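Beneath this line is the structure, given in structure tokens, with notes to follow.
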Amino acid sequence: MCTREKLMHALEVAVFVCIAATVHLYGISRIPNGINVDEMGMGYDAWCMAHFGVDRYLKSYPVYLTNFGGGQSALYAYLCMPLVKIFGLSVITLRLPGILLYLIAACVAGKVFLLSGKQGAKKARLCSFLLIVLPVFILLFRIGMDCNLMLAMSIIFLYLITKAVKTGSVRDYVFAGLAGGSVLYTYVLSYVVMPFFLLFFLSYLIYIRKIRFRQVVALGIPMAVLAMPLILVQLVNMFDLQEFKIGAFTITKLLHYRIGEISMENFSLQSVLQSIKSILMYDRLRYNTIPRFGTIFYISIPFVVIGLGKSLAAFCVSIKNKEFCIETVYLTWFMMLFLLGCFIDANTNKLNAAFAAVLFLLVEGIFQVTEWFGRVHLGRQAMMVIIGIYVVMFAAFLWYYFGGQYMRDYDKLDFFEYPLNDAIEYVDQSALCQDMPTYIGDISQTYIYYLGATQISPYEYDMESSLNGAGAHENFKMGFPKQTEWNANYIISNNDVENCQYFEDLGFLKIPLEHYNIYTFQLDSYKKIEKDAWPMALGWDRGVLGQGQIMLQESRQTVDGADRVSLVGWSYNQEMMCPWTSVYIRIGGCDYHAARAERPDVAEVFENEALVDSGILFDIPAEALEQGQEIVLYCIDAQNRMYQQVHMELAD
């Protein structure tokens with residue numbers, strides 16, 4: 001390739017990269033809707049490491065992140081660290097590293113064809129074009145998920161190892177080894193793909209006598225050095241060993257080990273079809289694929305099949321003549337990913353690295369078709385038609401994806417939630433909501449979206465509480481309480497129609513935001529039933545003298561080694577002759593709700609079957625009553641928007 005051709009190729013790549021960058025960066029903070037739960041987990045870990053040198057579990061620079069217990073590859077978080085350190089934690093800073101690595105991969109993807117000689121420049125040009133227009137490369141790299149980096153790094157690795165074989169340079173083998181070792185830090189499934197790929201490919205090179213011992217060493221040493229910490233992670237978790245550190249880096253002990261995801265038991269005709277479908281068509285996740293367009297546009301499938309057949313033929317000739325062919329690299333990589341998909345619950349992002357080979361096969365397939373047409377002097381016209389069809393489909397995809405229809409069709413994506421920043425800021429600043437507990441629910445892994453919004457130090461947040469399903473920080477609590485807390489705020493997604501309607505029916509004040517509603521209860525909006533109604537509507541059987549004097553000593557009992565106070569009675573809304581929706585005692589800032597109990601005796605006395613459920617049973621820690629705080633009994637009737645309250649005290 002002469003200097004002029006190299007300059008032209010560089011200019012073409014620069015133009016393609018600029019177009020690709022525009023497509024990937026446009027609307028990146030709002031499309032796709034919300035932020036993926038793993039994206040948010042990785043982002044907060046990156047923020048923690050950038051500012052404190054530990055992840056959210058206080059592990060120093062882990063080589064493999066814990067995430068929600070089952071682990072997460074660490075490369076994406078480390079690429080995020082400088083961005084979140086400088087620009088803060090945001091949707092843009094979380095998604096930018098994936099886009100940047102994709103653009104680097106786009107710069108080298110076509111170069112592999114330049115190594116093949118024949119029509120290399122034209123194939124490289126087509127490869128760069130397809131990297132821009134194919135939906136899978138747009139969708140996967142607009143989400144900051146760790147696994148999607150495997151695709152970009154695979155493109156780089158396959159080019160470097162191909163170049164190394166072609167040149168025979170020890171230095172090139174070292175670079176290929178470094179890239180291959182880096183692939184291992186992108187996605188855990190690479191632990192399976194890479195060894196089998198190297199085993200087959202190196203055996204092939206040895207058979208055709210295209211590799212020497214020093215080249216194997218040059219490839220293997222950097223890859224082994226990079227792989228060793230991850231091998232240690234597997235040993236620690238497989239044999240339940242203690243977590244330890246190598247310098248500043250932590251060899252991670254996970255909360256649960258997900259080795260069972262790859263299994264011979266998963267293999268079936270259905271799994272084979274699912275693997276093919278996830279690569280060449282679409283999967284069940286709309287942030288990975290859109291069925292109407294497919295992963296690579298449906299017109300590409302026959303071209304890929306033709307490219308696959310051509311590569312198989314080239315491989316067979318290579319074996320016969322003992323001459324290296326580039327097709328073997330990509331054919332082997334494709335087969336490794338396809339076979340892996342047959343033994344897992346496959347989807348497109350799990351098999352994302354397959355598209356590094358699919359792209360190569362697609363280019364080869366298109367050129368094979370144009371070569372056939374070229375025999376009747378229509379090769380150029382055929383290529384123009386094919387390119388024209390891809391341009392039209394690309395335009396249709398852009399119109400659908402960025403024009404608003406995609407967001408209307410998939411307003412709520414699986415495993416995606418909206419950032420909580422606006423909702424938390426409103427609660428903190430609003431006089432209506434301040435100084436009350438605030439419950440955030442019902443969203444996936446609520447606590448990580450709270451941490452992403454507040455960006456509090458990992459040393460300040462109790463991760464143990466979140467792991468036990470009861471995460472809380474200051475006045476914010478993750479998830480809904482077992483019983484409705486009246487003196488509280490609730491942050492609820494606009495998509496959670498059922499819970500939004502529930503709190504509106506209870507008479508909570510609704511504060512609508514863009515993606516969340518905040519519900520806060522104003523007791524003044526209910527009618528207060530005055531004290532003179534109490535004598536006939538409240539009675540105590542145990543623990544309370546009269547209506548308001550708590551007999552602390554007489555009602556005290558020990559349960560599981562803890563002192564508890566048991567109060568038993570009954571109460572109902574005398575004005576409406578119905579049981580209360582909720583009965584609770586507020587001691588200081590804490591509410592203790594009564595368990596409902598059946599009282600057929602009350603129903604019989606007042607000759608009203610509806611009062612069978614009027615029984616109340618309180619179980620309160622003794623220490624809460626001993627602190628001398630104000631004690632108030634509240635009875636709420638949500639259906640009729642009424643309430644009663646009485647001040648109580650400890651008996652002398």
Side-chain angles (χ1 to χ4, degrees), residues 427 432-442 446 465 469-492 499 502-503 505-509 518-526 528-529 534 537-538 540 542-544 547-550 552 555-556 559 562-573 579-597 613-639 641-650:
V427 170
L432 287 173
C433 302
Q434 285 179 344
D435 301 323
M436 288 196 294
T438 298
Y439 293 91
I440 309 173
D442 181 24
T446 309
S465 66
H473 179 255
E474 295 180 344
N475 283 338
F476 289 92
K477 304 177 188 299
M478 315 304 150
F480 289 127
K482 293 180 180 179
Q483 294 180 308
T484 301
E485 297 274 357
W486 296 87
N487 185 43
N489 309 308
Y490 295 84
I491 299 175
I492 304 174
N499 279 311
Y502 171 77
F503 284 99
D505 291 343
L506 292 182
F508 276 68
L509 175 64
I518 298 175
Y519 292 92
T520 185
F521 185 67
Q522 305 298 309
L523 196 61
D524 293 343
S525 66
Y526 274 39
K528 183 177 182 179
I529 301 176
W534 281 91
L538 174 66
W540 294 97
R542 177 182 175 185
V544 180
Q547 291 188 6
Q549 290 192 314
I550 298 176
L552 186 60
S555 57
R556 189 192 297 262
V559 179
D563 285 342
R564 315 287 297 184
V565 172
S566 178
L567 310 178
V568 181
W570 51 269
S571 183
Y572 68 95
N573 184 346
W580 300 107
T581 304
S582 180
V583 180
Y584 60 95
I585 290 177
R586 180 171 298 157
I587 305 174
C590 296
D591 293 342
Y592 300 91
H593 288 257
R596 191 178 296 276
D613 292 329
S614 62
I616 52 178
L617 171 62
F618 285 100
D619 180 32
I620 304 172
E623 62 180 1
L625 292 165
E626 292 170 343
Q627 293 175 359
Q629 301 180 90
E630 183 182 34
I631 307 170
V632 183
L633 174 71
Y634 288 90
C635 301
I636 304 290
D637 180 356
Q639 181 178 357
R641 306 291 176 88
M642 297 179 177
Y643 78 97
Q644 289 182 320
Q645 71 181 74
V646 63
H647 290 270
M648 307 179 74
E649 60 183 16
L650 298 179

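Note that the numbering runs from 1 along the sequence shown for the chain. Keep in mind the model is a prediction, meaning the values are calculated, not measured.
Remark: the backbone N or O of Glu485 is paired with a side-chain donor or acceptor of Tyr490 at under 3.5 angstrom. No donor-acceptor pair under 3.5 Å is formed between the side chain of Asp637 and the backbone N or O of Thr581. Without hydrogens or angle criteria, Arg641 side chain to Ser525 main chain gives no donor-acceptor distance under 3.5 Å.
Counting heavy atoms from C-beta outward, Leu617 and Ser566 have side chains that approach closer than 4.5 Å. A 4.5 Å side-chain heavy-atom check between Gln522 and Leu432 finds at least one atom pair inside the cut-off. Using a 4.5 Å heavy-atom threshold, the side chains of Ile440 and Phe476 count as touching.
Counted by atom type alone, Tyr634 and Ser582 present zero donor-acceptor pairs between their side chains at under 3.5 Å. A donor and an acceptor atom, one from each side chain of Asn475 and Thr438, are nowhere located under 3.5 Å apart.
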- side chain to side chain contact (heavy atoms under 4.5 Å, CB included) evaluation trace for Tyr519 with Ile492: CA-CA 8 Å; Tyr519 292 92; Ile492 304 174; 3.8 Å; yes
- side chain to side chain contact (heavy atoms under 4.5 Å, CB included) evaluation trace for Leu625 with Leu552: CA-CA 8 Å; Leu625 292 165; Leu552 186 60; 3.9 Å; yes
- Item | Audit row: Val583, His593, side chain to side chain contact (heavy atoms under 4.5 Å, CB included) steps and yes/no | CA-CA 6 Å; Val583 180; His593 288 257; over 6 Å; no
- Does the pair Val632 and Met648 meet the rule for a side chain to side chain contact (heavy atoms under 4.5 Å, CB included), with working shown? CA-CA 6 Å; Val632 183; Met648 307 179 74; over 6 Å; no
- Quick one: do Arg586 and Asp591 satisfy salt bridge (Lys or Arg N to Asp or Glu O under 4.0 Å)? Show the steps, please. CA-CA 4 Å; Arg586 180 171 298 157; Asp591 293 342; 2.8 Å; yes
- Task: Show your working on ring-ring contact (aromatic ring centres under 6.0 Å, His included) between Tyr526 and Tyr643 and close with a plain yes or no.
- Result: CA-CA 6 Å; Tyr526 274 39; Tyr643 78 97; 7.0 Å; no
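Here Phe503 and Phe508 bring their ring centres to under 6.0 angstrom of each other.
In this structure, the separation between CH2 on Trp540 and OG on Ser555 is 10.0 Å, given to the nearest 0.5 Å. Between atom OH of residue Tyr584 and atom SG of residue Cys635 there is a gap of 9.5 Å, rounded to the nearest 0.5 Å.
Here the closest heavy-atom approach between residue Pro481 and residue Tyr439 is recorded as CD-CD2, 3.5 Å. Across every non-hydrogen atom of Trp570 and Ala537, the tightest pair is CZ3-C, 3.8 Å. Nearest approach of Val427 to Cys433, heavy atoms of both residues: O-CB, 3.8 Å.
The pair Asp619-Arg564 meets the salt-bridge criterion, with a side-chain N (NZ, NE, NH1 or NH2) lying under 4.0 Å from an Asp/Glu carboxylate O.
Crowding of Gln639 atom CD: a count of heavy atoms from other residues, nucleotides or ligands under 6.0 Å not exceeding 12. More than 12 heavy atoms of other residues, nucleotides or ligands shown are found within 6.0 angstrom of CG on Asp505.
Scored by the salt bridge (Lys or Arg N to Asp or Glu O under 4.0 Å) test, Arg556 finds Asp563, Glu626 as partners (sequence neighbours excluded).
Between Trp486 and Phe521, the ring planes are perpendicular. Angles over 60° get that label, and only those under 30° would be called parallel.
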